[in-house]
Amino acid sequence: MDRFVWASGLLEINETLVIQQRGVRLYDGDDKAKFDLGTLLLSTHRLLWRDHKKHDCCIALSLSQIIFFEEQAAGIGKSAKIVVHLQPVSPNKEPGPYQSSKYSYIKLSFKEHGQIEFYRRLSEELSQKRWERISVSQPMQSPSRSQAGKVRAAGIVGIERKLEEKRKETDKNISEAFEDLSQLMKKAKEMVDLSKLIANKIKDKQGDISEDETIRFKSYLLSMGIANPVTRETHGSGTHYHMQLAKQLVEMLQVPVEEQGGMMALTEVYCLTNRARGMELLSPEDLVNACKMFEALNLPMRLRIFDSGVMVVQLQSHNEDEMIASAVETVRNFPFNNQQSNI
């Protein structure tokens, strides 16, 4: 933090604002600095931090002071950060908030996200080094009164005002878009409920509809998906989540498993389930944990693991001895066996 200097908050001549991000806290190495929450601005020449409450409190760091920087992922109760490693302090440094520091790096903590785009834009500026394109010998003339007004208008306050107006317009457009999306989701739920009703009617009147038409319609129902898929956001995590997920899996898989003869490979169950869930995809681990709850909840299915390691979902009513006996009887009654016995 001893590389920062006090700043007026105005952009210099030939300096351009690149990006700004609200809700950024500064760290002196691993220690929290006294600069809690503010707006972090990246220009073609500097990093500037401005306090949210005290608008006259502004500090700046020249981009030429940065050696390299890296991302630090967010953790439990911790925000994502960008760690900036700095050059040694210049002997003729201007006054700043810190006279000395035991660290050679700072951390930028993003409380309101935005670190990914900020990291990308900072990378671009450091690779382009646009601050070096202005000649050092170029005289900086003191502006006249009218020029000073123009410079001040182009300062951070004016830019922040324009960006705030643009942000409000964007928020308005997003709100309108989500209103349309909410209406679409409402209609989608109505369609799913309607599809279930029609599916029950098809089941009651199976003989009046051809097999091809039934299969085609069932594929349409599957494409519509589950109306209210069980998620961690709606049912928490851990055992309760897997219990609710197991109940929904049985409800969805009952008919497909019956049509498969009472048994379905877990890989097929995984594909069928995620296809029906749409955007709320299920991980393989959650699927296995949910299937393990079938028997504990006395549901009509169970997870079976063969000696080879293959896992299947099986109906509780599925009797393997009866299936083997039926298969043997079918083979015995096959015409080929009768022809051999006659020979």
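Along the sequence shown, the residues carry numbers beginning at 1.
- Side chains of Gln65 and Val84 form no contact here, defined as non-hydrogen atoms less than 4.5 Å apart.
- Using a 4.5 Å heavy-atom threshold, the side chains of Trp6 and Cys58 count as separate.
- Every ring pair (Phe, Tyr, Trp, His ring centres under 6.0 Å) that Phe118 has, sequence neighbours left out, goes to Phe110.
- Side-chain N/O atoms of Ser43 and Glu15 include a donor and acceptor closer than 3.5 Å.
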For side chain to side chain contact (heavy atoms under 4.5 Å, CB included), just list the numbers for Leu86 and Ser104, CA-CA rounded to whole Å, side-chain angles, deciding distance to a tenth of an Å, and then say yes or no. CA-CA 6 Å; Leu86 305 171; Ser104 61; 5.8 Å; no

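- Following chains of ILVMFWY side-chain contacts shorter than 4.5 Å, one can reach Leu40 starting from Tyr98, so the two form part of one hydrophobic cluster.
- Sorted by first and then second residue, the side-chain hydrogen bond (donor to acceptor under 3.5 Å, both in side chains) pairs with a member in residues 74-87 read Glu70-His85; sequence neighbours excluded.
- A heavy-atom distance below 4.5 Å is not found between the side chains of Gln21 and Gln115.
- The main-chain N or O of Leu282 is found under 3.5 Å from a side-chain atom of Asn274 such that the two form a donor-acceptor pair.
- Counting non-hydrogen atoms of other residues, nucleotides and ligands closer than 6.0 Å to NE2 of His52 gives a total above 12.
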For Val24 and Thr39: C-alpha separation, side-chain torsions, deciding distance, then whether side chain to side chain contact (heavy atoms under 4.5 Å, CB included) applies. CA-CA 6 Å; Val24 178; Thr39 300; over 6 Å; no

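- For the residue pair Leu315 and Val257, the shortest heavy atom distance occurs at CG-CG1, 3.8 Å.
- Side-chain contact between Arg50 and Cys57: absent, with no pair of heavy atoms (C-beta onward) separated by less than 4.5 Å.
- For Ser283, the side chain to side chain contact (heavy atoms under 4.5 Å, CB included) criterion is met by Glu285, Asp286, not counting sequence neighbours.
- Judged as a salt bridge (charged side-chain N to carboxylate O under 4.0 Å, His left out), and not counting sequence neighbours, Arg22 has no contacts.
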Between Val288 and Leu266, does a side chain to side chain contact (heavy atoms under 4.5 Å, CB included) hold up when you go through it step by step? CA-CA 8 Å; Val288 172; Leu266 197 62; 3.8 Å; yes

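- A continuous path of hydrophobic side-chain contacts links Leu122 to Ile19 [ILVMFWY only; heavy atoms under 4.5 Å].
- Among residues at least two apart or in separate chains, salt bridge (Lys or Arg N to Asp or Glu O under 4.0 Å) pairs with a member in residues 105-119 are Asp30-Lys107, Glu117-Arg120, Glu117-Arg121.
- Judged as a salt bridge (Lys or Arg N to Asp or Glu O under 4.0 Å), not a single pair has a partner in residues 55-66 (not counting sequence neighbours).
- The ring pair (Phe, Tyr, Trp, His ring centres under 6.0 Å) check on Tyr241 picks up nothing, with sequence neighbours excluded.
- Leu37 and Trp49 fall into different hydrophobic clusters, where Ile, Leu, Val, Met, Phe, Trp and Tyr side chains are chained together by heavy-atom contacts under 4.5 Å.
- Pairing each heavy atom of Leu26 with each of Ile59, the nearest pair is CD1-CD1, 3.7 Å.
- In the hydrophobic clustering of this structure, Met243 groups with Leu245; members are Ile, Leu, Val, Met, Phe, Trp, Tyr whose side-chain heavy atoms approach within less than 4.5 Å, directly or through other members.
- Residues Glu125 and Thr44 form a side-chain contact, since some pair of their non-hydrogen atoms from C-beta on lies under 4.5 Å apart.
- Within a 6.0 Å sphere centred on CG of Leu281, heavy atoms belonging to other residues, nucleotides or ligands number more than 12.
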Verdict with reasoning, Arg130 to Val18, per side chain to side chain contact (heavy atoms under 4.5 Å, CB included): CA-CA 12 Å; Arg130 290 197 280 178; Val18 178; 3.8 Å; yes

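- Residues Tyr27 and Leu47 fall into different hydrophobic clusters, defined by Ile, Leu, Val, Met, Phe, Trp and Tyr side chains chained together at heavy-atom separations under 4.5 Å.
- The shortest side-chain heavy-atom distance between Thr16 and Leu11 does not fall under the 4.5 Å cut-off.
- Interatomic distance, OG1 of Thr239 versus CG of Asn289, reported as 9.0 Å (0.5 Å rounding).
- Scanning for ring pair (Phe, Tyr, Trp, His ring centres under 6.0 Å) contacts around Tyr103 gives Tyr105, with sequence neighbours left out.
- Partners of Val89 by side chain to side chain contact (heavy atoms under 4.5 Å, CB included), not counting sequence neighbours, listed by chain and number: Asp2, Arg3, Lys93.
- Closest of all the heavy-atom pairs between Pro97 and Lys34 is O-NZ, 3.9 Å.
- Closest heavy-atom contact between Leu63 and Trp131: CB-CZ3, 3.6 Å.
- Partners of Thr231 according to the side chain to side chain contact (heavy atoms under 4.5 Å, CB included) rule, which considers only residues two or more places apart in sequence or in another chain, are Glu233, Thr234, Arg277, Glu280.
- Between Tyr119 and Phe69, the angle of the ring planes goes over 60°, which puts this pair in the perpendicular group of the 30/60° scheme.
- Residues Leu17 and Leu42 come closest through the heavy atom pair CD1-O, 3.5 Å.
- Partners of Ser90 under the side chain to side chain donor-acceptor pair (under 3.5 Å) rule, at least two apart in sequence or in another chain, are Asn92.
- Not one N or O on the side chain of Thr273 forms a donor-acceptor pair closer than 3.5 Å with the backbone of Tyr270.
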Under 3.5 Å, which donor-acceptor pairs do the side chains of residues 292-313 form with other protein atoms, sequence neighbours left out?
{"residue": "Arg302", "atom": "NE", "partner": "Gln314", "partner atom": "OE1", "Å": "3.3"}
{"residue": "Arg302", "atom": "NH2", "partner": "Gln314", "partner atom": "OE1", "Å": "2.5"}
{"residue": "Arg304", "atom": "NH1", "partner": "Glu320", "partner atom": "OE1", "Å": "2.2"}
{"residue": "Arg304", "atom": "NH2", "partner": "Glu320", "partner atom": "OE1", "Å": "2.9"}

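- Across Leu249 and Cys291, no two heavy atoms sit closer than the pair CD1-SG, 4.4 Å.
- Side-chain contact of Gln244 with Gln248: a donor-acceptor pair under 3.5 Å is absent, judged by distance alone.
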